[in-house]
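Since the structure comes first, as structure tokens, the remarks are kept for the end.
When a ligand or atom number is given, it counts from 1 through the structure's own listing order.
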Amino acid sequence: MAKIIIDTKIKASEQKKISRHIYGHFAEHLGRCIYDGIWVGEDSSISNTNGIRNDIVEALKKINIPNLRWPGGCFADEYHWKDGIGPREHRPKRINTHWGGVIENNQFGTHEFLDLCEQLDCEPYICGNVGSGTIEEMSQWIEYITFEGNSTIAEQRKKNGRITPWGIKYWGVGNENWGCGGHMTAEYYSNLFLRYSTYCKNLSGNDLYKVACGPVGEFPLDWVLHWVEVIMKKTSIATLFDPLIHGLSLHYYTRVGARPATEVNEKRWVVAMERALYMDKLLSEVINIMDKYDNSKKIGIIVDEWGAWWGVEKGTNPLFLYQQNTLTDALIASLHLDTFNKHCARVHMANIAQTVNVLQSMVLTEGEKMLLTPTYHVFDMYKVHQDSILLPMNIKSESYKHGRRTIPVINGSASVDVDNQMHISLSNINPSQNVDLEIQFNDFYLEDCEFTAKILRSEQINAHNTFEAPETVKPEGFAEENFSINGSKVFFKMPSKAILAIEIK
Ligand code: AHR
């Protein structure tokens, strides 16, 4: 039997809030994410508002999308924002050198992105170009978006149809500058970061949260920690005079090999789960270093790219990164969200890659059809934790062993929301065995409580939704009779390869 203890009595001074921004998203000019995904153009027969697909907006609003990162990714460090403003018919055509050498026609630019965020009612998160862009270019982009006065740049925005400035908080200063963003060393990038960040100004009352490029967690840990150490050391001294850094990014993909997602078998399943669970160790190590320089946890970790990376679907462009999304992906997502929730004192934001038709997507589209992936349903089931207070969990799990790998099978998160409602999310990543579970609540009696629960599961680890059968994997009710209550304890059988969301009233 596995056992969980949930601490429901945390002193006000020790309470940690799970930022809703942990449930953030990322959309890059890559494959069919923007073009033939989010953006169909105003003349499309697909229902749209100002060229943006209505069904996608509706789906993302339903999961309370808190923020959207754009325009990349690797694309960000070759993107020149002036290409994407003004009359669309005059916008230049460029080569998207990172993602298949396709022609980028710049139909989706700053105005279209910020309109999308307004339609979604979410915060925009723009990643600026350090790799191939200038400081002047970055600082003028911020001026174009935020300045309400009559500078030449702001007048240009007004001429392009937007009189009042937008507000923007989250601003990335480069992306993966150790790799596609310029192949820099940590020492070189940290100098550049300080220069660029100095000229990212707060104008007209706008207040930027500036994010420095961090490491990628799939690289050797020594290298990862060196990058973090260098950035933290250099920026913490400079920040004594001017708040130049507010967040440090971290990327980490659960890479499972070259096979498509739907070809997952038990061996790849355990590899995927083990790699998803590695996020906990990675964050703990990075946090240790950050704590040395920033004990009060002011600087947030921004995990602005994470998710499963499988081989592409057969017959699709390998550089478009189009992959299906199965029950395995759903569990990869829930394990990550549990880890981010657990580390919410330091993790201020996370962005799964990528929203539509690329990597671990929320939705897939084909012509006018759109489907919700199993990962989408996890975000829907977990949205209750957004801006809630974390309830620490102590989990004594059973293990599952396959070959030389052993993983703990029970994982989860618990929180209490502003209406004092408790939410518990649990997963069992044993691919074939149910687990008897006991949850004990400190100082909290359950006899008069009402339990409502939903479950996401399937008999197959590769179960997925298709355009022909879009509801193969979706949450179902989990009857209250499954729970047996005794004082401050609840007992039940947690089904294998499943995610359970419980609400206690
Ligand atoms: O998300 C796909 C790519 O992965 C991004 O462009 C890059 O930042 C990362 O390597």
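- Within the 4.0 Å heavy-atom cutoff, Phe75 does not count among the residues contacting ligand 1.
- Annotation: cation-pi geometry satisfied between Arg32 and Tyr322 (NZ/CZ under 6.0 angstrom from ring centroid, within 45° of ring axis).
- Residue Trp309 places a heavy atom less than 4.0 Å from ligand 1.
- Of all the atoms in ligand 1, the ones that sit under 4.0 Å from a non-hydrogen atom of Glu176 are 7 (C), 8 (O), 9 (C), 10 (O).
- Those atoms of ligand 1 with a heavy atom of Phe26 less than 4.0 angstrom away are 1 (O).
- Remark: ligand 1 atoms within the under-4.0 Å shell around heavy atoms of Glu28 are 1 (O), 2 (C), 5 (C), 6 (O).
- The salt bridge (charged side-chain N to carboxylate O under 4.0 Å, His left out) test applied to Lys297 returns Asp291, not counting sequence neighbours.
- Side-chain atoms of Lys82 and Gln140 include a donor-acceptor pair closer than 3.5 Å.
- Contacts with ligand 1 closer than 4.0 Å are made by side-chain heavy atoms of Leu359 only, the backbone lying farther away.
- Here the two rings, on Trp70 and Phe113, have centers that are under 6.0 Å apart.
- Inclusion of Cys74 in the set of residues having an N or O under 3.5 Å from an N or O of ligand 1 is warranted.
- Proximity to Gly73 (heavy-atom distance under 4.0 Å) selects the following atoms of ligand 1: 5 (C), 6 (O), 8 (O).
- In this structure Glu218 satisfies the salt bridge (charged side-chain N to carboxylate O under 4.0 Å, His left out) test together with Arg255, sequence neighbours excluded.
- Ligand 1 has an N or O atom lying under 3.5 Å from an N or O atom of Asn175, backbone or side chain.
- Aromatic ring centres of Tyr170 and His21 lie closer together than 6.0 Å.
- Here is the list of ligand 1 atoms found below 4.0 Å of a heavy atom in Gln354: 1 (O), 2 (C).
- Cysteines Cys74 and Cys180 are disulfide-linked, with SG atoms closer than 2.5 angstrom.
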